[in-house]
S.K.: 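A single structure is presented below for examination.
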2 protein chains.
Amino acid sequence: MAATIVATHERATAAERILRAAVVLFRERGYHGSSMRTLARALRMEAASLYYHFRSKQEILFAILDHTLDDLLAGVGRAVASADGPEARLRAAVRFHVLFHTDSQHEAFLSHSELRSLTQGNLRLVLTRRDEYERVFRGLLASGVRAGVFQVADVRLTAMAILTMCTGVATWFADGGRLSPEAIADRYVEMIMKSVKR
Amino acid sequence: MAATIVATHERATAAERILRAAVVLFRERGYHGSSMRTLARALRMEAASLYYHFRSKQEILFAILDHTLDDLLAGVGRAVASADGPEARLRAAVRFHVLFHTDSQHEAFLSHSELRSLTQGNLRLVLTRRDEYERVFRGLLASGVRAGVFQVADVRLTAMAILTMCTGVATWFADGGRLSPEAIADRYVEMIMKSVKR
DNA sequence: TACCGTACCTAACGTACGTTCGTTATGTAA
DNA sequence: TTACATAACGAACGTACGTTAGGTACGGTA
């Protein structure tokens, strides 16, 4: 499945452990609601020690979002390449998108909710690549329309609707809840295909 | 249309002006990223003066979310009552939901993004009523399924998908952008109806 | 054995936070 | 004129913030 920020199994480096703890903390209390001291406490360190691994709190947030975008772009690329034809490709892309938002739920959530906590320069870097990600979905829809298999009134709007719908999964999904990630992905794929098919 | 927190036209009371400025500020920088001094500056007051109108910063956030839920519940009630039959009712509810998220964009955004900044007691109050709102949509879907006009694999999941999709509008909608609120609402209604119809 | 980089520590810096206090100016009713 | 309510003020409280400086223990390498 989608790679998380770090390999979960091997012995993680200190920087990786910090990023993972920060993801959980930022998700729970938000970037501005989390302090370096709280983050350090979760790692049984002192706040000052964090500065050996990261230059600033902002750099930690940016690293999280940057790695998450790496995974998103690589994952959707793999998904699209694994299928043929607009319909199968959109299915694969949507499926990946949903599964990413359950597997890397917290990272994915932060990638949307904490954009406003980025400095201007970091925000630009993140937004550029997020646009790239969105363009993939617009492209899939457009080629399906050209091929005559999809019927959508507005490609841009539909892409946005699909993405925000799946992105929303990260806000309510609960591990061990009623539905498995696979079941959710399957149903989301069906709903979306039904609504875009000619 | 959906009532905003305060009447926009008449002379607003100080408390109303504070809430409106807080909505904009919290939306831009988040609750924890906004200080009472910054909020006061936006209103050309001193931070201390805010405490004449509100007991605490938390009370300001809660007031915003509480009023927003008032408007949401009242609005969806009106929408549903204005139509007959599961299909027309769902159309009306979705339409209202989308328009609320363009008209009261910032309030709506905060109602989702700043839940985690509420104290435990305030969170409980808000969540209880948000559940009530969600139940309306589940009820509409379920009665459509019973009537044989809808076909959905999982009512709960579909309701969640619909709501988060429309809620997402508040994250990207831009006043004066390419599409009017009405156009967005119309298209969202069509996409959703297409995906739930038998 | 001497040294060096790694990974942490304690202590402190200056700043900003939410909030409280006592005070003041203005308007209104008795 | 007195009395009170309203709505604001400046100053200060104690606490917490992000960050920096300087020091220490340790494991490996020359």
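Source: prediction; values computed, not measured. Per chain, numbering begins at 1; letters A, B, ... match sequence-line order.
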S.K.: Pairing donors with acceptors under 3.5 angstrom, does anything connect the side chains of B:S35 and B:T38?
M.R.: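 There is such a pair (donor and acceptor under 3.5 Å, judged by atom type) between the side chains of B:S35 and B:T38.
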
S.K.: Separation of B:K57 atom NZ from C:dC17 atom P, in whole Å?
M.R.: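 My rounded result for the distance is 9 Å.
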
S.K.: Tell me: OH of B:Y51 to C1' of D:dT6, nearest whole Å?
M.R.: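 Spelled out: OH on B:Y51 to C1' on D:dT6 is 20 Å.
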
S.K.: When the distance from CG of A:L39 to P of D:dA16 is rounded to whole Å, what number comes out?
M.R.: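 Between P of D:dA16 and CG of A:L39: 18 Å.
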
S.K.: Reading DNA chain D from 5' onward, which residue's closest nucleotide shows up sooner: B:R44 or B:Y52?
M.R.: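 Closest to the 5' end, via its nearest nucleotide, is B:Y52.
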
S.K.: Rounded to whole Å, how long is the line connecting atom NE2 of A:H53 with atom C1' of D:dT19?
M.R.: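 Rounding to the nearest Å, NE2 of A:H53 and C1' of D:dT19 are 16 Å apart.
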
S.K.: When the distance from CE of B:M36 to P of D:dC13 is rounded to whole Å, what number comes out?
M.R.: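 Interatomic distance, CE of B:M36 to P of D:dC13: 20 Å.
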
S.K.: Nearest whole Å is fine: how far is C:dC17 C1' from B:R37 CZ?
M.R.: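 After rounding, the reported distance stands at 6 Å.
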
S.K.: Measure from NZ or CZ of B:K197 to the centre of the six-membered ring of B:F150 and say whether it is under 6.0 Å with the direction within 45° of the ring axis.
M.R.: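 No.
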
S.K.: Reading DNA chain D from 5' onward, which residue's closest nucleotide shows up sooner: A:A48 or A:G33?
M.R.: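 Here A:G33 is the residue nearer the 5' end.
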
S.K.: So for atom CZ, which belongs to A:R55, do other residues, nucleotides or ligands contribute more than 12 heavy atoms lying within a distance under 6.0 Å?
M.R.: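 Count not over threshold, so no.
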
S.K.: Using modelled atom types and a 3.5 Å cut-off, is there a donor and acceptor pairing between side-chain atoms of A:E107 and backbone atoms of A:R20?
M.R.: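 Between the backbone of A:R20 and the side chain of A:E107 there is no qualifying donor-acceptor contact (under 3.5 Å).
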
S.K.: Starting from C1' on D:dG10, measure out to CG on B:L50 and report it in whole angstrom.
M.R.: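 Distance check: B:L50 CG to D:dG10 C1' gives 14 Å.
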
S.K.: Using 30° and 60° as the class limits, which term best fits the ring planes of A:F137 and A:H97: parallel, tilted or perpendicular?
M.R.: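 Answer is perpendicular, since the angle exceeds 60°.
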
S.K.: Looking across every strand, which nucleic acid part, if any, lies under 4.0 Å from B:E46 by heavy atom: base, sugar-phosphate, or nothing?
M.R.: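 Counting heavy atoms under 4.0 Å across all strands, the contact made by B:E46 is with sugar-phosphate only.
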
S.K.: Want to settle it: does A:A14 or B:H32 sit nearer the 5' end of DNA chain C, counting the closest nucleotide to each?
M.R.: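 It is A:A14 whose nearest nucleotide is closer to the 5' end.
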
S.K.: Considering every strand and a 4.0 Å limit on heavy-atom distances, what is the contact class for A:S49: base, sugar-phosphate, or nothing?
M.R.: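 Answer is base: heavy atoms of A:S49 come under 4.0 Å of a base.
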
S.K.: What is the distance from CZ of B:R41 to C1' of C:dA16, rounded to the nearest Å?
M.R.: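 So the CZ-C1' distance, B:R41 to C:dA16, works out to 11 Å.
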
S.K.: Would you please confirm or rule out a distance under 4.0 Å between OP1 or OP2 of D:dA16 and any side-chain N or O of A:S35?
M.R.: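 The answer is no; no side-chain N or O of A:S35 sits under 4.0 Å from OP1 or OP2.
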
